[in-house]
Amino acid sequence: MRAGSACPDGTIAVIGGGASGVLVAAHLLRAARQPLDVVIVDSRAPLGAGVAYSTGDARHLVNSPSCEMSAFGDRPGDLIGWACAQGCEVARSDFVPRSLYGRYLSHVLAEARRHTNSASGLSWFREDVVALTRQSRPDGTAFVLGFAGGGHLDAGHVVIAVGPPSPRAPWSGDAELIGHPGLIEDPWGPRSLDRIGPKASVLLLGTGLTMVDVALTIAGGGTNERSLYARSRHGLLPLAHRTTPVEAWRGRLETAETARELVRAIRVEAEKIEFAGGDWRSVVATVRRQVPELWSALPVAEQRRLLRLGLRYWEVHRHRMAPPVDAALTRLRQGGRLDVGPGRLLALSARGAKLRAQIGRARGDEVLDVDVVVNCTGATGGYPGGSRLLGQLVRTGLATVDELGLGLEVDEHGDLVGADGASDPGLHVVGWARRGQLLESTAIPEIRAQAERLARRLTGAHP
Ligand SMILES: Cc1cc2nc3c(=O)[nH]c(=O)nc-3n(C[C@H](O)[C@H](O)[C@H](O)COP(=O)(O)OP(=O)(O)OC[C@H]3O[C@@H](n4cnc5c(N)ncnc54)[C@H](O)[C@@H]3O)c2cc1C
């Protein structure tokens with residue numbers, strides 16, 4: 001099959017070749033009973049890595065034990081088996097390097113291609129999709145994808161797996177700061193941290209998992225003299241995993257009508273289990289699976305309140321650090337290399353080559369003069385963000401942004417809902433863009449389940 005082919009029967013175009021796109025493609029090929037053409041479109045290489053698994057820093061570990069990171073819901077040992085075959089001894093409770101996990105995803109895709117029936121195929125177009133239009137034709141084409149490079153691709157179904165919006169730094173609207181060499185808007189950009197001098201003072205904006213990764217990289221295992229400050233509104237760091245996996249709590253939460261009730265119910269169960277000698281993490285593990293139900297039961301005003309008041313607390317308990325990462329971060333803090341605290345960025349200005357940050361804190365403002373400021377706030381911008389494709393989909397009414405601006409409006413199957421309020425059975429959404437519907441839709445276990453369900457539905461395979 002070629003770009004612009006007039007014979008798109010059975011073609012499923014997957015926009016985005018990160019973990020979501022690769023898991024969808026692999027599950028489609030494995031489930032296919034009829035000949036199927038799966039086409040992944042993404043300019044980024046290698047397939048599967050996306051931002052999360054592109055890092056070459058071996059200190060960057062996945063944030064779930066290996067038994068939870070398999071590409072297959074019914075084969076939790078798949079990652080472990082593959083890693084052992086590569087000569088890496090990995091136990092169920094180990095947290096593997098993210099670069100290794102990226103290689104695992106490439107392997108999953110290659111294996112799916114190898115096992116697929118001979119009439120099916122997988123192709124990869126290294127392109128960015130900038131437009132998607134509906135164009136029903138008798139040959140079965142339902143959609144045409146337009147590429148930034150000028151070509152196009154016809155498809156019967158389209159899966160939108162484009163990941164989160166690009167990071168947007170707090171200073172991005174400030175014309176005076178544009179181009180300042182000390183500002184790093186996207187820490188995941190190619191070699192973006194390389195320009196930090198060996199004795200630089202560095203302010204990290206954000207105290208979540210992105211900050212943790214960046215701090216470990218730029219502290220360089222003690223091989224330089226950089227001093228690091230991390231600030232966020234709450235100043236909360238992600239909590240750590242236990243070294244051994246915890247059993248999931250066997251209870252179940254009732255749906256709540258307010259954000260306050262919901263937060264209270266989770267806290268009460270966590271306290272009860274701790275009191276009985278258990279671990280709060282087991283409540284989080286169970287509640288995580290119930291999140292879509294609990295979230296969708298809240299009225300929109302309460303969802304908004306939860307995002308404002310409770311999300312950060314949920315995230316530090318839910319998106320935890322691997323124990324070795326926690327230990328490395330603790331060493332940095334105890335050694336005086338990293339200072340973490342609460343504080344809101346009130347103003348940022350250039351002072352020659354330096355930068356002055358004014359930080360609002362409860363006990364009086366703080367002024368930090370630093371050489372470098374790194375945006376570690378993650379995917380803070382809402383949808384459609386800077387994406388040309390998503391902007392076009394919203395403008396043409398093929399897609400709508402959900403009420404809270406977290407993702408795209410979808411129906412119960414994850415099919416895209418347009419401006420007319422109807423869902424399109426040919427347009428499917430996987431991963432981050434379903435946050436408005438599910439809230440928890442960004443990590444491998446959730447993405448894997450979505451990919452498996454979609455593949456079964458599109459191929460007619462039995463559950
Ligand atoms: C630093 C980091 C670490 C993480 N660690 C973990 C972890 O340890 N465990 C875990 O479960 N989750 C982790 N996550 C969550 C992570 O989001 C998921 O695990 C997963 O990688 C998301 O994959 P994705 O394909 O949805 O998004 P992405 O990885 O962002 O991939 C999206 C892809 O879509 C492409 N794309 C976007 N727009 C277009 C377009 N218009 N045309 C063509 N292609 C397009 C992009 O180029 C990109 O390759 C981490 C996330 C980050 C950022």
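Atoms within each ligand, like the ligands themselves, are counted from 1 in listed order.
- Taking the centre of each ring, Phe147 and His152 stay at or above the 6.0 Å mark.
- When only modelled atom types and interatomic distance are considered, Asp78 and Ser70 share no side-chain donor-acceptor pair under 3.5 Å.
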Contact table ligand 1 N or O to protein N or O, d under 3.5 Å:
{"unit_1": "ligand 1", "atom_1": "8 (O)", "unit_2": "Asn63", "atom_2": "N", "d": "2.6"}
{"unit_1": "ligand 1", "atom_1": "8 (O)", "unit_2": "Asn63", "atom_2": "OD1", "d": "3.2"}
{"unit_1": "ligand 1", "atom_1": "9 (N)", "unit_2": "Asn63", "atom_2": "OD1", "d": "3.0"}
{"unit_1": "ligand 1", "atom_1": "11 (O)", "unit_2": "Ile444", "atom_2": "N", "d": "2.8"}
{"unit_1": "ligand 1", "atom_1": "12 (N)", "unit_2": "Tyr53", "atom_2": "OH", "d": "3.4"}
{"unit_1": "ligand 1", "atom_1": "17 (O)", "unit_2": "Thr442", "atom_2": "O", "d": "3.3"}
{"unit_1": "ligand 1", "atom_1": "19 (O)", "unit_2": "Tyr53", "atom_2": "OH", "d": "2.7"}
{"unit_1": "ligand 1", "atom_1": "25 (O)", "unit_2": "Ala19", "atom_2": "N", "d": "3.1"}
{"unit_1": "ligand 1", "atom_1": "25 (O)", "unit_2": "Ser20", "atom_2": "N", "d": "2.9"}
{"unit_1": "ligand 1", "atom_1": "25 (O)", "unit_2": "Ser20", "atom_2": "OG", "d": "3.4"}
{"unit_1": "ligand 1", "atom_1": "26 (O)", "unit_2": "Ser20", "atom_2": "OG", "d": "2.6"}
{"unit_1": "ligand 1", "atom_1": "41 (N)", "unit_2": "Val129", "atom_2": "O", "d": "2.9"}
{"unit_1": "ligand 1", "atom_1": "42 (N)", "unit_2": "Val129", "atom_2": "N", "d": "2.9"}
{"unit_1": "ligand 1", "atom_1": "47 (O)", "unit_2": "Asp42", "atom_2": "OD1", "d": "2.9"}
{"unit_1": "ligand 1", "atom_1": "47 (O)", "unit_2": "Asp42", "atom_2": "OD2", "d": "3.4"}
{"unit_1": "ligand 1", "atom_1": "49 (O)", "unit_2": "Asp42", "atom_2": "OD2", "d": "2.6"}

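- Nearest heavy atom pair, residue Ile273 against residue Asp279, reads CG2-O, 3.5 Å.
- Nearest heavy atoms, His317 versus Arg320: O-NH1, 2.7 Å.
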- Given salt bridge (Lys or Arg N to Asp or Glu O under 4.0 Å), test Asp213 with Arg98 step by step and report yes or no. CA-CA 11 Å; Asp213 279 350; Arg98 293 214 299 271; 2.7 Å; yes

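- A distance-only check finds no donor-acceptor pair linking the side chain of Glu409 to the backbone of Gly418 [under 3.5 Å].
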